[in-house]
Amino acid sequence: MNEELFNRNLNALRRHPNVFSVVAAAARTWRQESYSVETAKNGQPTLGFSDENKRLISYHSRYDPAKEAEKQIQASFQGQTHAMLLGFGLGYMAEALLKEFKQRVNGPQLFVIEPDAGVFISALKSRDLSRFLLDERVALVVGMTADEVGDLWSASLDWTAMERLALIDHPPSVGRFKMYFERVIEKIRYLCNRSKGNLVTLMHAGFEFHSNYFANLAAGFALPGVERLFDQFKGTPAIVVAAGPSLDKNMHLLAQVKGKFPIVAVDTALRQLVANGIKPDIVCAADPSYENSLDFVGVENETDVILAVEPMTHPDIFTSFKGPLMLMTFGGGLHPICKDLREPVGTLGCWGSIATTVFDLVRRMGADPIVFVGLDLSFQDGRLHARGSYSDDIFYEKVHQFTSIEHESAEYINSRGAVKFGRADGSVLFTDQNMKLYKDWFEDQFRQTKAKVINATEGGVVDKYVELMPLARVIENWSHKGVPVAEILRSALEKPVKADHQALFNRLGQFRKTMSQNQSAARRAVAVCRKLISASADLPADRLEGKPRAEFFDVLQLHDQICSDKDLFPWFSIHQTRYITRHTMDVVNLRASATTTVGQWMQQISEFFAALERFHEYQIPLLDKAVEELNRQNKSKTVRGSYCNE
């Protein structure tokens, strides 16, 4: 094998730093005897692998590997915007697939997975792949677990640009690593469902998220972060309280572990717990809607319950809850512009349900075992939640002399409960598609969690990668593991908060100045767009000359400058999610076409600036109000309750 060729490919591989590190480390222990590279009939290299039983696996045709790859791609690729290739071999299918992409979109389009670093090293030593490795459309994964593959793929992909995804097998690789690739496909499908849901949520609720971030900015900036709780309960059992119907069966048992095990609840369960004499140590809230704030009606004066709150939560929760508050973040919103100005907040995961966040918080606290109650994720006994939740309030409003709350619940379940789960005892539980996705998420996370996870719900559909055990037995088995919960929490709350209010005030003021400048420049650019449409609509851009040419490219430069602003453009994208998603794809198509006219460009850019103007009309008042509140706090040097900034 050619070392000079290997070094050339290895240098190109530096564009993929994670893979470069894996390959550089694996190359030191790589054994050539397991990987035989021979010459095919047409002169191209072909690969064979000898397994532990000395069985030879041929990775490519011994006659014409490239032609074989082209036929395989033609049979399995149908013009999708993105593709995932399961297995690399010597790279013939990957190169053939890359040639088939007709449409260029943002971010990587071809995601290649090779579980065996030795196979990839063989490719680097036998073929010149430098051009392929340097192509910006390519993302590589080598020698990673299926979960690492999914996480990297999700992080590197521009979800707004993906219209269709092709999953393509390299047959010998899939045959050799069948279970591995089955797990990869399961993970990818799960991530696709999640991300489509996230994008739809953002399209419908992005405006609400963003408004709440600004309304809560000043108050939240002064709060201690939940990161103070991370690793503070190592080896201690903790209870995660969800609000499923089965909570009614065993919530009374929580009184036996109160003060010994941390009890962390979803906001929907707080009213039921308090009504039954159980006060959780922490309750988590993150929903931006006003309706969700009603879960706190009647329990807003629970001063010995800590509320862990995300800044996108409805402002009424911030202002009405009288107990101590701690801040948590999902990493989005205004967190990126604030995180360097204060002590760490504590970033938690969120996947559509606040129960997912509670689980991640307890996991980050170091708890072991993690015990769930109320995690039905199904319509248990004809109900949606434990008795006393806000969902009951909604159904009570519909009840009249000819109906009942049970009837209204049944009507709802009949319209939503399309998924059936058969239980071991022969019973059947009904759920909906959303709760099935939550079930899949939890079970996927349980499998990856080092701590023991116990489902003590005593009902529901969550039963994979988790130990099922009645809550009474959990308490019996682990009661000796208790710790002084109140003392640990008090210590975390009492330390002063390190936060630089003046620096945040100054930063927001700079954003306000930039937005005003963009607003003025965009209004001038709209006038230029109209003039160019009137005078040169049918001309290709490369035929413009003189001042019109300069004006045309000045307008495009302003557009690109606004889109590249790492702070303000994400705000714009949240407020105008539907438009920006469509605009991104339209711009890619305009740039890819050889026949795009000045009129088409200027019409697209005019619409962009119109959307930007709508954003400014909405955003500037929010920003001004946040700056005003920060200024007030900065002058008074006071923050809520016992929390003080240094």
Side-chain angles (χ1 to χ4, degrees), residues 104-106 158 160-161 199 202-204 206-211 213-214 334 337 508-627:
R104 182 71 179 98
V105 301
N106 289 340
D158 182 351
T160 65
L199 184 58
L202 192 60
M203 286 180 171
H204 288 285
F207 180 93
E208 201 168 21
F209 293 165
H210 199 62
S211 298
Y213 278 126
F214 276 89
L334 302 184
I337 70 161
L508 294 181
Q510 184 58 49
F511 290 151
R512 178 64 168 86
K513 180 179 178 182
T514 301
M515 291 179 68
S516 295
Q517 292 170 343
N518 287 345
Q519 190 174 38
S520 298
R523 288 171 178 172
R524 291 192 298 270
V526 168
V528 173
C529 290
R530 290 173 182 157
K531 184 172 68 173
L532 288 171
I533 290 172
S534 177
S536 309
D538 297 329
L539 280 179
D542 58 4
R543 290 181 58 187
L544 285 173
E545 296 179 350
K547 184 178 179 181
R549 180 180 179 84
E551 290 177 330
F552 175 84
F553 285 105
D554 283 347
V555 168
L556 290 187
Q557 184 179 16
L558 177 61
H559 166 274
D560 293 347
Q561 175 187 317
I562 291 169
C563 291
S564 64
D565 189 312
K566 64 180 179 63
D567 294 314
L568 294 182
F569 186 70
W571 301 1
F572 180 26
S573 299
I574 290 172
H575 181 255
Q576 293 288 318
T577 302
R578 287 179 183 274
Y579 172 75
I580 291 297
T581 302
R582 185 180 71 250
H583 173 74
T584 300
M585 292 186 286
D586 289 344
V587 167
V588 169
N589 292 334
L590 288 175
R591 284 179 172 152
S593 173
T595 60
T596 303
T597 65
V598 171
Q600 289 173 318
W601 264 119
M602 292 299 95
Q603 183 62 39
Q604 184 65 225
I605 299 302
S606 293
E607 293 172 0
F608 174 84
F609 288 137
L612 183 67
E613 180 65 20
R614 293 193 295 272
F615 164 66
H616 285 149
E617 290 174 354
Y618 148 80
Q619 179 63 69
I620 289 176
L622 286 179
L623 188 55
D624 288 344
K625 188 173 181 180
V627 169

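Position 1 is the first residue of the sequence, and the numbers go up from there. None of the values given here were measured: they were computed from a predicted structure.
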Margin query: Pair Ile620, Gln519 - check side-chain contact (heavy atoms from CB on, under 4.5 Å), show working.
Written below: CA-CA 10 Å; Ile620 289 176; Gln519 190 174 38; 3.8 Å; yes

Residue pair [X] / [Y], side-chain heavy-atom distance below 4.5 Å:
{"X": "Gln619", "Y": "Phe572", "value": "no"}
{"X": "Glu551", "Y": "Leu544", "value": "no"}
{"X": "Asp565", "Y": "Thr514", "value": "yes"}
{"X": "Trp601", "Y": "Val587", "value": "yes"}
{"X": "Ile337", "Y": "Leu508", "value": "yes"}

Can you see which heavy atom on [X] is nearest to which on [Y], and at what distance?
{"X": "Cys529", "Y": "Val555", "value": "SG-CG1, 3.8 Å"}
{"X": "Phe214", "Y": "Leu622", "value": "CD2-O, 3.9 Å"}
{"X": "Ser536", "Y": "Val598", "value": "O-CB, 3.3 Å"}
{"X": "Phe609", "Y": "Ala525", "value": "CE1-CB, 3.5 Å"}
{"X": "Leu558", "Y": "Ala521", "value": "CD2-O, 3.6 Å"}

Notebook entry, point to check: Is a side-chain N or O of Ser534 found less than 3.5 angstrom from the main chain of Arg530, in a donor-acceptor match?
Noted result: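 Here the side-chain-to-backbone pair does not exist.
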
Next item on the list: Classify the angle between the aromatic ring planes of Phe608 and Tyr579 as parallel (below 30°), tilted (30 to 60°) or perpendicular (above 60°).
Entry: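 Rings of Phe608 and Tyr579: tilted, 30 to 60°.
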
Could you give the distance from [atom1] ([X]) to [atom2] ([Y]), rounded to the nearest 0.5 Å?
{"X": "Gln604", "Y": "Asp586", "atom1": "CD", "atom2": "CG", "result": "4.5 Å"}
{"X": "Asp567", "Y": "Met515", "atom1": "CG", "atom2": "CE", "result": "12.0 Å"}
{"X": "Arg543", "Y": "Thr597", "atom1": "CZ", "atom2": "OG1", "result": "11.5 Å"}
{"X": "Ile562", "Y": "Gln517", "atom1": "CD1", "atom2": "CD", "result": "11.0 Å"}
{"X": "Leu568", "Y": "Leu623", "atom1": "CG", "atom2": "CG", "result": "8.5 Å"}

Check: Under 6.0 Å from the CD atom of Glu545, do we count more than 12 heavy atoms belonging to anything else shown?
Finding: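 At most 12 heavy atoms, drawn from other residues, nucleotides or ligands, come within 6.0 Å of this atom.
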
Item checked: Within 6.0 Å of CG in Asp538, more than 12 heavy atoms from elsewhere ->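 12 or below, so no.
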
Next item on the list: Evaluate the criterion side-chain contact (heavy atoms from CB on, under 4.5 Å) for residue pair Leu539 and Phe552; output intermediate values, then yes/no.
Entry: CA-CA 12 Å; Leu539 280 179; Phe552 175 84; over 6 Å; no

Note to self: Can you see whether Arg512 engages Ser516 through a side-chain donor-acceptor pair at a distance of less than 3.5 angstrom?
What the structure shows: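 Looking only at side-chain atoms, Ser516 and Arg512 do form a donor-acceptor pair, the distance falling under 3.5 Å.
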
Notebook entry, point to check: Does Trp571 have its ring centroid less than 6.0 Å away from the ring centroid of Tyr213?
Noted result: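 No; Tyr213 has its ring centre 6.0 Å or more from that of Trp571.
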
Next item on the list: Could you go through the side-chain contact (heavy atoms from CB on, under 4.5 Å) check for Gln557 and Asp560 one step at a time?
Entry: CA-CA 5 Å; Gln557 184 179 16; Asp560 293 347; 5.8 Å; no

Margin query: Could you walk me through whether Arg523 and Glu613 satisfy the side-chain contact (heavy atoms from CB on, under 4.5 Å) test, starting with their C-alpha distance in whole Å, then the side-chain angles of each, then the deciding distance to 0.1 Å, before giving a yes or no?
Written below: CA-CA 8 Å; Arg523 288 171 178 172; Glu613 180 65 20; 2.8 Å; yes

